[in-house]
Amino acid sequence: VVNDEELKKRIAEELALERARRDSEAQKRRLKQEQMYVRDEFGKLLERERISSNEHLTRAILRERAATEEERQKAQRFARQLEEKDRELKKHDAYYKEQLARLEERSAQFYKVTTEEYKKAADEVSSRFKRYESHPICADLQDKILQCYQQHAQETLSCSALASQYLHCVNHAKQ
């Protein structure tokens, strides 16, 4: 009976060990499955993060490219406007230089005509009117009277004979 009992006990122990081994293997499989599940979920999460980062980066790159393109177009527009202004300024410059040349030509012609007319008028006046030369009349008597008055400043009546001769000379010259 001991053998049976011992055998039963041993069988029960072996069954318990076998059950424990199976439970352990089942637990290992579940743990492995859980690890695989966690690894898969973590991989999916990383993939979603990578995709999200790539999308964010792509959007940022597209925004930057759009901004760069807009700046390039703006710079081209400003360059065209600057070239147009430059052409306009050159056109105005040429126009004003042409106007200045015309004015200078007209001024030169006007000066030439005016100079010629002035010369003609001067020649005409000169030919119409003779030049008169005037000489002082009775100059010698005038000098003598002045000397007499200077010498006889207090006695002016002593120069009256000379003054009388001077008046007679002037009246004669008038006639």
Side-chain angles (χ1 to χ4, degrees), residues 1-137 139 142 146:
V1 178
V2 174
N3 269 344
D4 259 350
E5 255 182 58
E6 213 174 280
L7 187 62
K8 278 185 188 180
K9 199 177 184 184
R10 209 195 237 167
I11 290 176
E13 283 178 7
E14 280 183 28
L15 279 175
L17 279 175
E18 181 66 25
R19 213 178 293 134
R21 191 177 48 82
R22 270 189 272 146
D23 285 347
S24 171
E25 282 179 15
Q27 197 172 16
K28 281 182 187 178
R29 276 193 307 270
R30 277 194 310 274
L31 185 60
K32 228 179 202 180
Q33 285 175 348
E34 286 177 9
Q35 284 177 343
M36 293 284 281
Y37 175 77
V38 167
R39 195 177 317 139
D40 286 348
E41 288 300 312
F42 190 68
K44 288 176 186 175
L45 180 64
L46 284 176
E47 182 65 19
R48 282 194 301 266
E49 282 295 318
R50 186 185 63 75
I51 290 171
S52 174
S53 291
N54 283 345
E55 287 175 358
H56 180 70
L57 184 61
T58 302
R59 282 193 301 269
I61 289 171
L62 289 175
R63 276 194 307 267
E64 190 61 34
R65 282 182 184 164
T68 302
E69 179 63 21
E70 186 178 325
E71 287 296 320
R72 187 185 65 76
Q73 288 175 354
K74 200 183 287 184
Q76 283 179 342
R77 193 169 51 249
F78 286 146
R80 283 191 303 271
Q81 287 174 351
L82 184 62
E83 287 172 359
E84 181 62 33
K85 288 285 184 189
D86 191 41
R87 280 193 298 274
E88 196 173 311
L89 284 173
K90 286 179 181 176
K91 184 176 156 185
H92 284 275
D93 188 45
Y95 172 76
Y96 289 123
K97 282 181 180 177
E98 182 182 320
Q99 293 299 317
L100 182 62
R102 282 186 189 160
L103 286 174
E104 286 175 346
E105 178 66 27
R106 284 183 188 164
S107 178
Q109 288 173 354
F110 182 72
Y111 177 76
K112 183 179 175 184
V113 167
T114 304
T115 305
E116 288 172 359
E117 286 180 5
Y118 177 79
K119 188 175 179 185
K120 282 180 190 175
D123 290 345
E124 186 180 320
V125 167
S126 184
S127 68
R128 275 191 180 176
F129 303 101
K130 290 187 177 181
R131 298 216 174 231
Y132 294 104
E133 292 181 22
S134 63
H135 300 286
I137 53 171
Q142 187 178 4
L146 285 175

Check: N54 main-chain N/O paired with T58 side-chain donor or acceptor under 3.5 Å:
yes
Quick test of your reading: applying salt bridge (charged side-chain N to carboxylate O under 4.0 Å, His left out), list the pairs with at least one residue in residues 54-69, sequence neighbours left out, ordered by first then second residue.
E69-R72
Residues R50, E47; criterion salt bridge (Lys or Arg N to Asp or Glu O under 4.0 Å); working and verdict
CA-CA 5 Å; R50 186 185 63 75; E47 182 65 19; 2.2 Å; yes
Quick check for you: to the nearest 0.5 Å, what is the distance between S107 atom OG and K112 atom NZ?
13.5 Å
Measure the OG-CG distance between S53 and L46 for me, rounded to the nearest 0.5 Å.
10.5 Å
Provide the full list of salt bridge (charged side-chain N to carboxylate O under 4.0 Å, His left out) pairs with a residue in residues 89-98, sequence neighbours left out, each pair given once.
D86-K90, D93-K97, E98-R102
Could you give the distance from CD (E6) to CD1 (I11), rounded to the nearest 0.5 Å?
11.5 Å
Rounded distance [0.5 Å steps], NZ in K28 versus CD in Q35
12.0 Å
Do any N or O atoms from the side chain of S52 and from the backbone of R48 form a donor-acceptor pair under 3.5 angstrom?
no
Report yes if the side chains of D123 and K119 come closer than 4.5 Å at any heavy-atom pair, otherwise no.
yes
Between E84 and R87, does at least one N-O distance fall below 4.0 Å, as a salt bridge requires?
yes
Only residue of E83, K85, R77 satisfying side-chain contact (heavy atoms from CB on, under 4.5 Å) with Q81 is R77
Pairing of E25 and R22 as salt bridge, 4.0 angstrom limit:
no
Rounded to the nearest 0.5 Å, what separates atom CG in L100 from atom OH in Y95?
12.0 Å
Within the structure provided, determine whether E14 and E18 are in side-chain contact (heavy-atom separation under 4.5 Å).
no
Assess whether side-chain contact (heavy atoms from CB on, under 4.5 Å) is satisfied between E41 and K44, documenting all intermediate values.
CA-CA 5 Å; E41 288 300 312; K44 288 176 186 175; 3.7 Å; yes
Going by an N to O cut-off under 4.0 Å, is there a salt bridge joining E124 and R128?
yes
Rounded distance [0.5 Å steps], CG in L89 versus OH in Y96
10.5 Å
